[in-house]
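Encoded as structure tokens, the structure appears first; notes follow it.
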There are 2 protein chains.
Amino acid sequence: MISQKAQYAFRALIALARSEDEEISLISDIASGQNIPKKFLEQILLDLKRHGIVQSRRGKMGGYLLLKSADEITFGEVLRIVDGPIAPLPCLSKMAYRKCDGCDDENSCEIRQVFARVADATREILDKTTIADAIASPDYEGIPLTA
Amino acid sequence: MISQKAQYAFRALIALARSEDEEISLISDIASGQNIPKKFLEQILLDLKRHGIVQSRRGKMGGYLLLKSADEITFGEVLRIVDGPIAPLPCLSKMAYRKCDGCDDENSCEIRQVFARVADATREILDKTTIADAIASPDYEGIPLTA
DNA sequence: TTAATCTCTATCTATTTGGTAGAGATTGTC
DNA sequence: GACAATCTCTACCAAATAGATAGAGATTAA
């Protein structure tokens, strides 16, 4: 499961992307519009700013804007900032590799081989899907995804 | 990330599958062989037993055996028992569907649409890969997976 | 100067993770 | 029948993480 925090981050970025050409967005407006606790959102946006995803202006008339354009912000990038490594095992993480506890030979680890495929498939989607893609995609019409 | 507990479960099942035709396996032997805290492993195996994955015999000469054959035990099934839902969002879980906090229309949720693809790709791998597959697969020889 | 806004750091609570402890039940062997 | 080996069950515990909340500070427009 991705964290609640990551969901908030995605919602905020989508909201920012949607209001791109309009005005600068207030944290308060995003918070109330997307139903996100305001003080929590402040921290999230600040973090995204530090990582070069969004920009801000302080003081009266201040607020937030995207820094990168929506088609350059991937879900993978955002998820790594907010939730940390995407990989299902520490030994499969690109951003924070660690040897698994008590694992002596990664090449012969059966678990690693299975989850390497999961990691690849996940990255293939998350690192290639942008906020712009998400906004552009039509409502789902097929077989219910929860079936 | 999958939990440490899930990693222990997989290691134990692989060990059980490997010693299938030989003797019944002692918790103690699996624990020391796989470097798993024994009391913790007891709980894990008990849980796997309750879910019909393994069987046990009590008393002297007791121990554990697989109940299902190794090619009928999928990684997905084990992961769901040990770690709970695999889906990255509650609204995408098959085994434990919940509406996401503050989400009113799932069909138009952009986040859901992106992560539905992740969930499908993950399940495609985990629900089709068995313990037997994992044991059979040759050591990885290509480009390092952590590159 | 003031009000609006973002910034920063500290703190808090509940839950989850990763165990440990110990008494109990069952079974094979002498 | 006693005993030792083994699984079974329930309770407990410490550390980490998640999901916030609080409040003082810095900056800016008017």
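Just so you know, these numbers come straight off a predicted model, no measurement behind them. First the proteins, then the strands, lettered A, B, ... as listed; each starts at 1.
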### Query
Could you give the NZ-to-C1' distance, from B:K38 to D:dT8, as a whole number of Å?
12 Å
### Query
For the residue pair B:K5 and B:V82, what are the closest heavy atoms and their distance?
CG-CG1, 3.6 Å
### Query
Base, sugar-phosphate, or nothing: which does A:L26 touch, judged by heavy atoms less than 4.0 Å apart?
sugar-phosphate
### Query
Can you tell me if the side-chain N/O atoms of B:S28 get under 4.0 Å from OP1 or OP2 in D:dT6?
no
### Query
When the distance from CZ of A:R58 to P of D:dA24 is rounded to whole Å, what number comes out?
17 Å
### Query
Whole Å only: how far is the NZ atom of B:K39 from the C1' atom of D:dA11?
12 Å
### Query
Taking for each residue the nucleotide of DNA chain D bearing the nearest heavy atom, is the 5' side occupied by B:D101 or by B:R50?
B:R50
### Task
Output yes when at least one side-chain N/O atom of A:K49 is less than 4.0 Å from OP1 or OP2 of C:dT7, else no.
yes
### Query
How long is the line joining CE of A:M61 and C1' of C:dT5, in whole Å?
11 Å
### Check: D:dT21 base within 3.5 Å donor-acceptor of A:Q43 side chain
yes
### Message
Does C:dT5 have OP1 or OP2 under 4.0 Å away from a side-chain N or O of A:S56?
### Response
no
### Task
Using the closest heavy atom to pick a nucleotide of DNA chain D for each, name whichever of A:F40 or B:G59 lands nearer the 5' end.
B:G59
### Message
For D:dA18 and A:Y8 - does any side-chain N or O of the residue sit under 4.0 Å from the phosphate oxygens OP1/OP2?
### Response
no
### Message
Between C1' on C:dT7 and CD on A:Q55, what's the gap in Å once rounded to a whole number?
### Response
16 Å
### Test side-chain hydrogen bond (donor to acceptor under 3.5 Å, both in side chains) applied to B:D83 and B:S3, step by step
CA-CA 7 Å; B:D83 276 2; B:S3 70; 2.4 Å; yes
## Note on the structure
Taken to the nearest whole Å, NZ/B:K60 to P/C:dT29 is 8 Å
### Task
Please report, rounded to the nearest Å, how far the C1' atom of C:dT11 is from the CD atom of A:E42.
16 Å
### Query
Should we count CE of B:M61 as having more than 12 external heavy atoms under 6.0 Å?
no
### Task
Answer yes or no: is there an ion pair linking B:R80 with B:D127, defined by an N-O contact shorter than 4.0 Å?
yes
### Query
For the pair made of CE in B:M1 and C1' in C:dG18, what is the distance, rounded to whole Å?
16 Å
### Query
Looking at A:T129 and A:I125, what are the two nearest heavy atoms and their distance?
OG1-O, 2.8 Å
